[in-house]
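Single-structure report; data block below.
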Amino acid sequence: MNSIIQCLNNTAILVTYFCNGQYLEHVNRSHSTRGAIAEELAAVVRALWSGQYRFIATRDLRLGYISECASEAGDYSHHSLARYALSRNDNWLLSRRWNCPNCKEKRDAVKKLDISRLPPVLVIHFKRFYVDPKEYMCNAYRKKQTYIDFPLEDLDMRQFSLHSPPNHSYNLYAVSNHYGSMEGGHYTAYCKSSVYGKWYKYDDHVVTEIPSSEVKSSAAYILFYTSCSARQT
Ligand SMILES: [Zn+2]
């Protein structure tokens, strides 16, 4: 939780959105949660940017309440689009025989997914956890520790886009890292400060500066990119 909050707290457009109160126009008070999660997150972001505290305890974020809301919201996965896109070249070309509606013959076909509109912030979630096929009856999750190479600057999304958008270049500004296994794991965050332009490691209440060469590791779990046109300011 701390790790993701640090990543969100370093998302410049989100910080502006919460700190200037713009989010209030969009909170859905008629929903069963009455906008409580947005209010709690806004309070945390404002506290972190107030400069008043060395660290804050996010248990105030009422974790139990959030998990209740999350299960109510169901299985929504906002990372799936990017995940499909980046696995497309390996897996989605998922070649198949396809029934052609014109000649009624089975033909070789290629299925692919393209992104029609690129977002200002791109979140890429590596699928590190999987159910061990040998133990699927007991839902035993395993973790892939594979090292994945990813660019810190200039991730070119043109190859995953339906059109050739003008703003196709993305820079990395945060990484949520996971160490250990499904049962006993630890999260940290690496975030690039929009104020100082340096990378920092957030490990619970300890924050240390790190060189950019340390950002890529086999612990990387969720990547946060910003469009160069919506550059972190
Ligand atoms: Zn045909």
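Numbers for residues simply follow the sequence, beginning at 1. Just follow the structure's listing: the first ligand is 1, and inside any ligand the first atom is 1. Keep in mind that the numbers below use all heavy atoms, side chains included, and drop hydrogens, waters and symmetry copies.
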**Request:** Please report the number of protein N, O or S atoms that lie less than 2.8 Å from the Zn ion (ligand 1).
**Result:** 2

**Message:** Below 30° counts as parallel, above 60° as perpendicular, anything between as tilted: where do the rings of F129 and H178 land?
**Reply:**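 It falls in the perpendicular class, over 60°.
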
**Message:** Classify the ring geometry of Y187 against Y221: parallel below 30°, tilted from 30° to 60°, perpendicular beyond 60°.
**Reply:**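 Judged by the thresholds at 30° and 60°, the geometry between Y187 and Y221 is tilted.
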
**Asked** Quick one: are the ring centres of F18 and Y23 less than 6.0 Å apart?
**Response** yes

**Prompt:** Taking the side chain from R128 and the backbone from A220, do they hold a donor-acceptor pair closer than 3.5 Å?
**Reply:** yes

**Message:** For E105, is there an ion pair with R97 - N to carboxylate O distance below 4.0 angstrom?
**Reply:**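 E105 and R97: not salt-bridged.
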
**Residues S3 and Y202: side-chain donor-acceptor under 3.5 angstrom** =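 There is no such pair (donor and acceptor under 3.5 Å, judged by atom type) between the side chains of S3 and Y202.
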
